[in-house]
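Each residue takes its place number in the sequence, starting with 1. Counting convention: from 1, in listed order, for ligands and their atoms alike.
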Amino acid sequence: MIHIHPKVKEALANNQPVVALESTIISHGMPYPENVKTAMEVERVIEENGAIAATIGIIDGVAVIGMTPQQIEAFGSRGHIAKVSRRDLPVIFARKEWGATTVATTMILAAKAGIEVFVTGGIGGVHRGAQSSFDISADLQELANTDVTVVCAGAKAILDLPLTLEYLETFGVPVLGYQSDQLAAFYSRESGLKVDANMKDCDQIADVVLAKRNFGLRGGVLISNPIPKEYDMDPIVINQAIATALAQMDEQGVKGNEVTPFLLAKVKELTGGDSLESNIALIKNNAVVGAQIAMSLCVKKGERHV
Ligand code: PSU
Ligand code: MN
């Protein structure tokens with residue numbers, strides 16, 4: 001059910017850094033052909049920073065860990081690929097279908113392959129109004145349970161960010177700011193909410209990840225890496241777009257796993273090309289940090305064996 005690319009397998013066997021990447025961002029997160037171009041560029045950034053990139057998705061019911069450029073192109077151009085979170089996996093496997101992996105599913109598959117670091121744009125979280133809708137992304141439970149370090153630019157303000165942090169606290173997920181005191185809000189560097197700790201570099205992050213593991217505390221670590229300053233967007237513009245998107249969602253009765261893709265697409269439509277450009281910039285920025293964390297983990301693990 002799993003196919004690991006030979007170069008990923010070899011790197012893992014030799015304690016070399018590997019960074020996982022998700023495929024929902026390709027098939028649902030960006031338009032074609034920017035999605036494919038970005039996915040390839042993010043892989044290149046990871047490789048320029050000394051790690052092996054492993055883009056993950058499901059093809060004909062096989063979990064592919066480390067897609068080829070042709071497979072990435074297919075994910076980006078095919079359209080109508082199912083968005084697959086933890087609960088969807090069994091059906092996709094059994095029916096031998098294609099599936100785009102969310103943060104939750106990419107974590108599951110990365111962990112199965114032995115990959116410790118995963119780079120994405122934004123994670124899912126507690127939705128606004130979750131008090132009555134119960135809409136909480138499976139990404140958060142996966143962070144609670146699965147041993148993967150996830151590098152993101154925080155979460156989009158389509159979510160209830162204070163409740164998202166409360167949930168992560170309850171489930172014991174450390175939220176670390178990369179050179180920042182605040183949780184990043186995807187398009188904006190700051191959310192007004194404090195992270196658990198400010199990390200000055202990737203070595204410090206690796207120390208925290210290893211301390212967690214060595215003490216036997218299961219589950220992931222979340223790294224919030226603010227968008228580069230030159231792409232930081234005005235929160236007023238973003239919040240206006242989010243308010244409009246939420247109102248349209250209610251009007252149209254959008255529910256369930258359609259909520260996140262609907263809101264993301266609307267916000268993108270309402271903020272035009274700026275948000276796409278920012279989105280691409282922040283993922284590449286996360287790729288640098290992810291590759292450095294993966295590298296640092298390998299160095300520290302290697303030292304323990306000599
Ligand atoms: N947030 C973003 N961009 C994304 C997603 C979330 O800013 O592309 C995607 C990720 O794949 C994430 C998923 O894991 O949406 C969460 O969906 P849900 O809320 O239905 O769990
Ligand atoms: Mn949901």
Side-chain angles (χ1 to χ4, degrees), residues 20-31 34-35 38-39 42 55-58 75-76 81-89 92 99-110 118-144 146 148 150-161 163-164 167-168 173 183-188 191 220 222 224-227 231 233 238 241-242 245-246 249 254-271 275-276 278-283 285-286:
L21 297 162
E22 63 156 304
S23 44
T24 295
I25 214 169
I26 304 173
S27 62
H28 293 72
M30 282 182 203
E34 285 86 351
N35 55 359
T38 305
V42 171
T55 299
I56 293 178
I58 302 163
F75 258 85
I81 296 177
K83 171 186 159 197
V84 177
S85 200
R86 175 181 270 270
R87 64 117 197 241
D88 309 301
L89 265 181
I92 295 291
T101 53
T102 62
V103 169
T105 319
T106 307
M107 286 181 75
I108 296 170
L109 297 174
F118 160 31
V119 162
T120 187
I123 58 159
V126 179
H127 281 264
R128 299 189 194 193
Q131 296 89 328
S132 56
S133 69
F134 269 41
D135 193 348
I136 299 172
S137 175
D139 293 354
L140 299 185
Q141 274 300 308
E142 214 56 56
L143 281 161
T146 301
V148 174
V150 179
V151 182
C152 66
K156 286 202 180 107
I158 56 170
L159 301 170
D160 189 319
L161 298 181
L163 290 191
T164 300
Y167 195 98
L168 289 167
V173 180
L183 176 70
F186 201 86
Y187 294 124
S188 322
S191 63
L222 185 64
S224 161
N225 182 31
I227 186 170
Y231 293 96
M233 289 176 73
I238 294 293
I242 289 169
L246 287 166
M249 180 183 85
V254 177
K255 296 243 158 36
N257 77 340
E258 295 290 321
V259 166
T260 298
F262 178 89
L263 291 173
L264 296 180
K266 278 288 163 213
V267 169
K268 206 173 311 156
E269 189 184 303
L270 294 162
T271 51
S275 65
L276 182 59
S278 295
N279 206 335
I280 295 169
L282 68 82
I283 300 171
N285 192 42
N286 293 346

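Remark: side-chain polar atoms of Thr146 are not paired, donor with acceptor, to backbone N or O of Met107 under 3.5 angstrom. Listed for the Asp160 side chain is no donor-acceptor partner under 3.5 Å among the backbone atoms of Arg128. Without hydrogens or angle criteria, Ser23 side chain to Ile56 main chain gives a donor-acceptor distance under 3.5 Å. A donor-acceptor pair under 3.5 Å links the side-chain atoms of Asn286 to the main chain of Thr120, judged by distance alone.
For the side-chain hydrogen bond (donor to acceptor under 3.5 Å, both in side chains) test with Thr260, the passing option among Lys156, Lys83, His127 is His127; the others fail.
Under the 4.5 Å side-chain criterion, counting only non-hydrogen atoms from C-beta, Lys255 is not in contact with Phe262. Proximity of Ile283 to Met30: side-chain heavy atoms (C-beta onward) are separated by under 4.5 Å at one or more points. Counting heavy atoms from C-beta outward, Val150 and Asp139 have side chains that stay 4.5 Å or more apart.
Shortest contact from atom 21 (O) of ligand 1 to any protein heavy atom: Ser137 OG, 2.7 Å. Summary of contacts: the protein heavy atom closest to atom 11 (O) of ligand 1 is Glu22 OE1, 2.8 Å. Here the protein heavy atom with the shortest distance to atom 6 (C) of ligand 1 is Gly122 O, 3.6 Å. Given atom 7 (O) of ligand 1, the protein heavy atom at minimum distance is Lys156 NZ, 2.7 Å.
For Val103, a nitrogen or oxygen atom sits less than 3.5 Å from a nitrogen or oxygen atom of ligand 1, counting backbone and side chain alike. At least one N or O atom of Lys83, backbone or side chain, sits closer than 3.5 Å to an N or O atom of ligand 1. When only interatomic distances are considered, the shortest N/O to N/O separation between Thr102 and ligand 1 does not fall below 3.5 Å. Residue Thr260 places at least one N or O, backbone or side chain, under 3.5 Å from an N or O of ligand 1. Checked by distance only, ligand 1 and Ser85 stay at 3.5 Å or farther apart across all their nitrogen or oxygen atoms.
Set against the non-hydrogen atoms of His127, the atoms of ligand 1 under 4.0 Å away are 19 (O). Near Phe186, meaning under 4.0 Å from any of its heavy atoms, are these atoms of ligand 1: 7 (O).
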Q: List the steps and the verdict of side-chain contact (heavy atoms from CB on, under 4.5 Å) for Val103 and Thr24.
A: CA-CA 8 Å; Val103 169; Thr24 295; over 6 Å; no
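Nearest N/O/S atom of Asp135 relative to the Mn ion (ligand 2): this is OD1.
The heavy atom nearest to atom 4 (C) of ligand 1, out of those in Ile25, Val84, Leu264, is found in Leu264. Between atom 12 (C) of ligand 1 and the options Thr24, Thr105, Asp139, the minimum heavy-atom separation is to Asp139.
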